[in-house]
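Just below is one structure, and these are the notes that go with it.
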Amino acid sequence: MILVTGATGQLGTAVIRQLRQLVPASQLFALVRDENKAAHLLEQGVTIRRGDYDDTEALDHAMVGMETVLLIAGTDEQNRVRQHQHVLDAARKAGVRRIAYTSRALKEPATLVNQLMNGHFQTEDYIKASGLAYTLFQNVLYMDALPQFLGGDAVFEQGIYVPAGQGRVAFALRSEMGEAIANALARRTDGNVTYLLTGSESYSFYDVAEFLSNLSDKVVTYTPAAPATFETQLLGRGLSEVVARRITGFITDIANGQEDRVSPDLEMLLGRRPTPLRDGLATLYAR
């Protein structure tokens, strides 16, 4: 029995889509906050258990009979660790055999500019101290986030202006990460496992600019920005100070090499090479 939390989100949807190909629907359970958004899962035979990471009573109920629980990281970054602890405590209380968690593939947590990412590693520590068998998925930055970072289609007119310096990222598509996570969950695994899920090659934003130029009749340039100037620009686009500071810190961490990790694990779990950046951008910007 497998319970997927955050099941109506984009990653959760990708995980369940692949699990449906690998295990009977009768073995799949989805934790959702809003049952109205989960009608499609019910139609596929997936059992719905309602609750959120702050509802400890609902979490206790959701864990009953589960063997494996995939904890998809919460989006409330300020309260993330406490919420994750609620999920893990309920899993331990219910006798869940294995906890899986979607963490982050960052090089040096102690030197992160975006300190909110540390919640992932605090969660990892809590999992390791829990006594539960675990599978950790340390995920690289989604390739799907690039249009948001770059300002959508405006990038073809304005170019790329972010504080990423020479930093490189082994981008991977969210859908392929979800597929790989599902493949791992469906396996019989002994002991504790950590997968580093990245693309097969890392790229700089100069590469991103080149590939976007090739996709269009425009010359897309990349100009490394100063963090303070970039943050001011985000504020001018109407973002709050908190969000602007977070995005700036996130991209500054790229400049500092935090995302420059390459692993064969995603390719191994997929059974094929992950989609390279050039092809992924063609898909993302064709939508």
Keeping the roles fixed (side chain from [X], backbone from [Y]), state whether a donor-acceptor pair exists under 3.5 Å.
X	Y	result
Arg49	Ala30	no
His86	Tyr53	yes
Ser213	Val220	yes
Asn139	Met177	no
Asp253	Gln258	no
Asp52	Asp54	yes
Ser202	Arg168	no
His84	Gly74	yes
Tyr222	Glu210	no
Lys107	Asp260	yes

*asked:* Using side-chain heavy atoms (C-beta onward) and a distance below 4.5 Å, is Leu234 in contact with Val243?
replied: no

May I ask you to check whether [X] and [Y] show a side-chain donor-acceptor distance below 3.5 Å?
X	Y	value
Thr189	Arg98	no
Glu176	Thr275	yes
Arg80	His120	yes
Glu67	Gln27	no

*Derivation and outcome, salt bridge (Lys or Arg N to Asp or Glu O under 4.0 Å), residues Asp55 and Arg50*: CA-CA 10 Å; Asp55 189 341; Arg50 195 206 63 77; 3.5 Å; yes

*Does the distance from a Lys or Arg side-chain N to an Asp or Glu carboxylate O, for Arg174 and Glu179, drop under 4.0 Å?*
no

*Is Glu201 paired with Arg278 through a side-chain N to carboxylate O contact shorter than 4.0 Å?*
no

*asked:* Evaluate Lys218 against Glu157 for salt bridge (Lys or Arg N to Asp or Glu O under 4.0 Å), listing each step before the verdict.
replied: CA-CA 7 Å; Lys218 309 284 187 180; Glu157 301 296 334; 3.2 Å; yes

Can you tell me if [X] has over 12 outside heavy atoms packed within less than 6.0 Å of its [atom1]?
X	atom1	result
Arg187	CZ	yes
Gln10	CD	no
Arg33	CZ	no
Gln115	CD	yes

*Would you say the ring centroid of Phe250 lies under 6.0 angstrom from that of Phe149?*
yes

*asked:* Below 30° counts as parallel, above 60° as perpendicular, anything between as tilted: where do the rings of Phe205 and Phe171 land?
replied: perpendicular

_Could you go through Lys128 and Asp125, starting from their C-alpha distance and side-chain angles, then the distance that decides it, and tell me whether this counts as salt bridge (Lys or Arg N to Asp or Glu O under 4.0 Å)?_
CA-CA 5 Å; Lys128 292 173 181 178; Asp125 290 341; 5.1 Å; no

_I'd like to know whether Arg246 forms a salt bridge (Lys or Arg N to Asp or Glu O under 4.0 Å) with Glu77, so could you lay out the CA-CA distance, the side-chain angles of the two residues, the decisive distance to 0.1 Å, and finally the verdict._
CA-CA 10 Å; Arg246 183 174 68 229; Glu77 293 175 328; 3.3 Å; yes

